[in-house]
Participant: 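Just dropping this structure here.
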Amino acid sequence: MPDGMNINYDGLIPNNVDLNADLRVRKALETWHPGYIDWWKDMGPEGFQESLVYLRTAIGVDPKGWAKFDYVKMPEYKWGILLAPAVEGRTIPFGKHKGEPAWQEVPGEYRAMLRRLITVQGDTEPASVEQQRHLGATAPSLYDLRNLFQVNVEEGRHLWAMVYLLHKYFGNDGREEAEELLARRSGHKDTPRMLGAFNEATPDWLSFFMFTFFTDRDGKMQLEALAQSGFDPLSRTCRFMLTEEAHHMFVGDSGVQRVVERTVEAMKAAGITDPNDIAAVRALGVIDLPTIQKKMNLHFSLTLDLFGNEISTNAANAFNAGIKGRYREDKLEDDHSLIDATYPVLRYVDGKFVEEPVPALSALNLRLRNDYVQDCNSGVTRWNRVIEKAGYDFRLALPHVAFNRAIGEFSSIHTDIAGNVLSDAEWQARKGEFLPDDADAQYITSLMVPVTENGKYAGWIAAPKVGIDNKPGDFEYVQIVQ
Ligand SMILES: [Fe+2]
Ligand SMILES: [Fe+2]
């Protein structure tokens, strides 16, 4: 790697923040860079570091500049620092400072809050790379392998984006946080990542698709809320990250859809009429729909916990301060201060689910979660269309929001996926009906054999309809060098 100080950062780090003119931040990033590369080599994708991967690199934020495709070795990927263009005369869109000019510097009174939000967001980015590091060995095709690596390098870039903000606006504290972001490890018993779902394993490709569908979508919701921020550099950073995030969700959404497609296609060809005849479906070497449902149950419930407590003073404070808004705040038509508004919160009280109106300011985590659930449902509807078209009356569905929760209103109860409350004993006896068990994991693992021939796909997943960057079906997305 470059030996420290002589890096031409104009070339190495594409940026639109005039890094060349900002000696202090440039120095700080130069000092952080070798540690980042060490982290990438230790905790980034296992193997394939010498392979040429057909990747998209963002070198600018205009529609032409942000998607340059070329063969790149991952450690040589240009992790840029790119902010969406400034909006002339932008004002703080919500909270008690609504209408004041957006902040270009960190307001002293909100420094701790902002630093925390940026650090938590930043922590999720390298975490997912760590979670996905073993998947290259079992990719179902070169197309999928390339998509995995694209997601990985972009999560790396998202880490850069947050680290830039920490170095630029938070002085020594920011530098320390940036170091810590390279020190924590997903799933580590002493130094885990900050949020639960980012310490779970991503053991197979169906998990990867579920993760990018459900958990990257939480990322999208958080970025959408931060893109509304009155702290303009954060807003601009998140707005650009969202363009990349869309691809991650495409990978998950289309990935699950291709699994479903292949399953129903194989079932039809074999004349299987009962989607719940798991043994018969598995004998075909495809993933049965009930197991896909179980994976959904797991990843959806783990991800809901990322939204935090339904009723939260922190969320209220962040909104009031103008730091973190609602999903599509700028499209909502109300007073954007929510002082007198209420919002219905689903709670579990005296053995029943009830909806209670609470001050809207304290219910912002729940509101974002509700928007998220709606967003998830549009994907599930698409998957169900594939099943319906194949003539099966099985339907995938999101589990009840109280199912398998560790945080918030429902963390102290157990329910089935329909939301019927279960005793501890019932839960223990029945959780294998709802969540993947060892036998499911073993079966899925048995399917995870790598396919590295151009244009070929593992038997459990359909080929995509179109290639990346409109490439033909037999395109060599990864030139593997062992
Ligand atoms: Fe990200
Ligand atoms: Fe992502």
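Note that ligands are numbered from 1 as they come in the structure, with each ligand's atoms numbered from 1 the same way.
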Participant: So, of the N/O/S atoms that D216 has, which is the nearest one to the Fe ion (ligand 2)?
Facilitator: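 Output for this pair reads OD2.
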Participant: If I consider every N, O or S atom in E125, which one ends up closest to the Fe ion (ligand 1)? I only need its name.
Facilitator: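 In E125, the heteroatom (N, O or S) nearest the Fe ion (ligand 1) is OE1.
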Participant: We want to know whether Y77 and N152 form a side-chain donor-acceptor pair, criterion being a heavy-atom distance below 3.5 angstrom.
Facilitator: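 Per modelled atom types, Y77 and N152 side chains form no pair under 3.5 Å.
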Participant: For the Fe ion (ligand 2), decide whether E244 has an N, O or S atom at a distance under 2.8 Å.
Facilitator: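 Coordinating: no.
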Participant: Ignoring hydrogens and geometry beyond distance, is a side-chain donor-acceptor pair present between E155 and H158 at under 3.5 Å?
Facilitator: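 Yes.
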Participant: For the Fe ion (ligand 2), find the closest N/O/S atom belonging to H248 and write down its atom name.
Facilitator: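 Output for this pair reads ND1.
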Participant: Check whether any side-chain heavy atom of Y372 lies under 4.5 Å from a side-chain heavy atom of Q222, and answer yes or no.
Facilitator: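 Of all side-chain heavy-atom pairs linking Q222 with Y372, none is under 4.5 Å.
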Participant: With no hydrogens and no angle check, do the side chains of H33 and E30 hold a donor and an acceptor under 3.5 Å apart?
Facilitator: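 No - no donor-acceptor pair under 3.5 Å links their side chains.
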Participant: Would you mind naming the N, O or S atom of H158 nearest to the Fe ion (ligand 1)?
Facilitator: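 It is ND1, the N, O or S atom of H158 closest to the Fe ion (ligand 1).
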Participant: Taking atom CD of Q104 as the centre, report whether more than 12 heavy atoms of other residues, nucleotides or ligands fall under 6.0 Å from it.
Facilitator: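 More than 12 heavy atoms, drawn from other residues, nucleotides or ligands, come within 6.0 Å of this atom.
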Participant: Which single N/O/S atom of E155 lies at minimum distance from the Fe ion (ligand 2)?
Facilitator: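 The atom in question is OE2.
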Participant: Out of the N/O/S atoms in E245, what is the name of the one closest to the Fe ion (ligand 2)?
Facilitator: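 For E245, the N, O or S atom at the smallest distance from the Fe ion (ligand 2) is OE2.
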Participant: Examine the side chains of H247 and E154 and answer whether a donor and an acceptor come within less than 3.5 Å of each other.
Facilitator: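 No, because no side-chain N or O of H247 sits under 3.5 Å from a partner of the opposite role on E154.
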